[in-house]
There are 2 protein chains.
Amino acid sequence: MSSPDFIDALQALGFTGQEAALYRALLEHGELSGYEAAKETGISRSNAYHALASLVEKGFASRVEGEATRYAALSLEDVGRLVRSRQEMSIKNALAAAPQVKQGGTPFLSVSGRAAVLERMRLLCQGAEDRLYLALDATDLEDIRDDLAEATARGIRVTVLCNRAWELDGALVHVRRKARGPVRVIADGRKVLTGELDQARGECVFSENPHLVNLIKDSLTHEIQIVQARATERN
Amino acid sequence: MSSPDFIDALQALGFTGQEAALYRALLEHGELSGYEAAKETGISRSNAYHALASLVEKGFASRVEGEATRYAALSLEDVGRLVRSRQEMSIKNALAAAPQVKQGGTPFLSVSGRAAVLERMRLLCQGAEDRLYLALDATDLEDIRDDLAEATARGIRVTVLCNRAWELDGALVHVRRKARGPVRVIADGRKVLTGELDQARGECVFSENPHLVNLIKDSLTHEIQIVQARATERN
DNA sequence: AGAGCGTAGTACTGTATAATACCACTATGT
DNA sequence: ACATAGTGGTATTATACAGTACTACGCTCT
């Protein structure tokens, strides 16, 4: 794996580009002075001193006690803990300070793009309290395997209708003949995601509208019954 | 709790100021058109449309299917799930792409400021694998109660030396006579944090240096023995 | 003279925000 | 029929700020 990905990942965690480069240098060398860090990364000393001070302020590095000021990185594991804790605090604060939320509407929400559709599926898995039904292709299921595994581990009953024998511990998998069909995901009998999804694009609708939920539920139930009837004929 | 804190918390989760204001308006109203959202928040329509598009791209809002474009907020619970997942992915990526880390050094790291000291304590709690010893004042212990509770819940043995009868399920608490003393925290017999901490400031050193670890360990052990001896005399 | 240590300052770029202008359509009042 | 207000939406410019690039200066030590 190349260096840029490490820098990208750190930037996603709140580092600026130069902070990330300096942090990486500190990881690799154990501890460095500002002058050494600037030389090692090619960042001008002026910016290096500023970015190191910022790393210390953010808690991602510490000053090493000694004569000349040297710096050491916080371990990456601890950086992970730190950003997780801070984010939990922010989420907690947001929930505590949330305004009165208007309830009741069940609009049809547009979910466009493969990434957005998969992300919405993950949210359905993570938010599920009782049951999950999914009619998806195996390649799409693979992309949310971890989230489904976590759901089954939480005791969520997961039923899958798939185009081939896909396997997940704790999940009930039906294999249908049709090669491909629309996405249909139902969570807890209340939330539904449906539409088109392939490797390059996604165009789905998410809703808690009871009519749409019932429509998709009937569609799925019907298709699962066909699969079960066919399996019975074979036995 | 006033509105600014909600906006601050959202900004910490990746919203810009205007995105946060618009998101809040969408939460309060269920769904809004761009024009309505601009009016509701006082943001110019040009910026409002741009920020709403950005909210959709970030996954924090969706377009409502219908004639005129209307928008609805992702629930705050789901926003929490989303940012957690993304952060987990970034942490995972960073760990996977991490450079070779230089091992072995055990420098004395400076930890300045009350917030930074408490944060380092929390990291020690979260990272503990076996034991935690803490000599702290009760008011400081209160600030890390949640992290200590999580540690005991994970089976970490927590021993506290405190200036009054502080209580935490699963922790062993000794009460000393001295009103206040230096901070001394030892994790797993390997990591130590020590120094001064009061309500307005903190000035500590963190290290994995075996000499310092042993020094603080002896100091704590000695003081706990005195407390235990005194308790025995009283009985 | 060169390396190491550190700070101050300027300039450029990108982003967020503030603001204005323009265009089109619909509804309403006169 | 016309003017006005409201709604929907985009384009553009300007400003402030943070991040980054860069230069200059001063000091100490070898």
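Below, chains carry the letters A, B, ... as their sequence lines are ordered, and counting in each starts from 1. Since this is a predicted model, take the numbers as computed values, not measurements.
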*May I ask you to evaluate whether A/Tyr49 reaches the phosphate of C/dT7, defined as a side-chain N or O under 4.0 Å from OP1 or OP2?*
no

*Results of ring pair (Phe, Tyr, Trp, His ring centres under 6.0 Å) for B/Phe60 - residues two or more places apart only*: B/Phe15

*CZ of A/Arg63 versus C1' of C/dG6: gap in Å, rounded?*
12 Å

*asked:* Show every salt bridge (charged side-chain N to carboxylate O under 4.0 Å, His left out) that has at least one partner inside residues 132-145 of chain A, sequence neighbours left out.
replied: A/Arg114-A/Asp140, A/Arg114-A/Asp143, A/Asp137-A/Arg176, A/Asp137-A/Arg180, A/Asp140-A/Arg180, A/Glu142-A/Arg145

_Residues from residues 25-34 of chain B lying under 4.0 Å of DNA chain D - heavy atoms_ = B/Ser33

*Can you list the residues that meet the salt bridge (charged side-chain N to carboxylate O under 4.0 Å, His left out) rule with A/Glu77, with sequence neighbours excluded?*
none

Can I get a per-line list of side-chain donor-acceptor pairs under 3.5 Å for residues 43-57 of chain B, giving both atom names and the distance, sequence neighbours left out?
from	atom 1	to	atom 2	distance (Å)
B/Ser44	OG	B/Asn47	N	3.4
B/Tyr49	OH	B/Tyr35	N	3.4
B/Ser54	OG	B/Glu19	OE2	2.6

*Tell me, which pairs form a salt bridge (charged side-chain N to carboxylate O under 4.0 Å, His left out) where one or both residues lie in residues 193-207 of chain B, sequence neighbours left out?*
B/Asp198-B/Arg201

_Rounding to an integer number of Å, can you tell me how far A/Lys39 NZ sits from C/dG2 P?_
14 Å

*Under a criterion of less than 4.0 angstrom to any heavy atom of chain A, what are the 5'-terminal and 3'-terminal contacting nucleotides of DNA chain D?*
D/dG19 to D/dC25

*Which residue pairs pass the ring-ring contact (aromatic ring centres under 6.0 Å, His included) test with at least one member in residues 80-109 of chain B, sequence neighbours excluded?*
none

*Is the closest side-chain donor-acceptor distance between B/Arg122 and A/Ser85 under 3.5 Å?*
no

*Base-contact (B) and sugar-phosphate-only (S) positions in nucleotides 12-22 of chain C, heavy-atom cut-off under 4.0 Å, - elsewhere*: ----SSBBB-B

*asked:* Applying side chain to side chain contact (heavy atoms under 4.5 Å, CB included), can you list everything that pairs with A/Lys102, at least two apart in sequence or on another chain?
replied: none

*For residues 34-43 of chain A, pull every pair meeting salt bridge (charged side-chain N to carboxylate O under 4.0 Å, His left out), keeping only residues two or more places apart or in separate chains.*
A/Glu36-A/Arg70

*Residue list, salt bridge (charged side-chain N to carboxylate O under 4.0 Å, His left out) with B/Asp130, at least two apart or on another chain*: B/Arg157

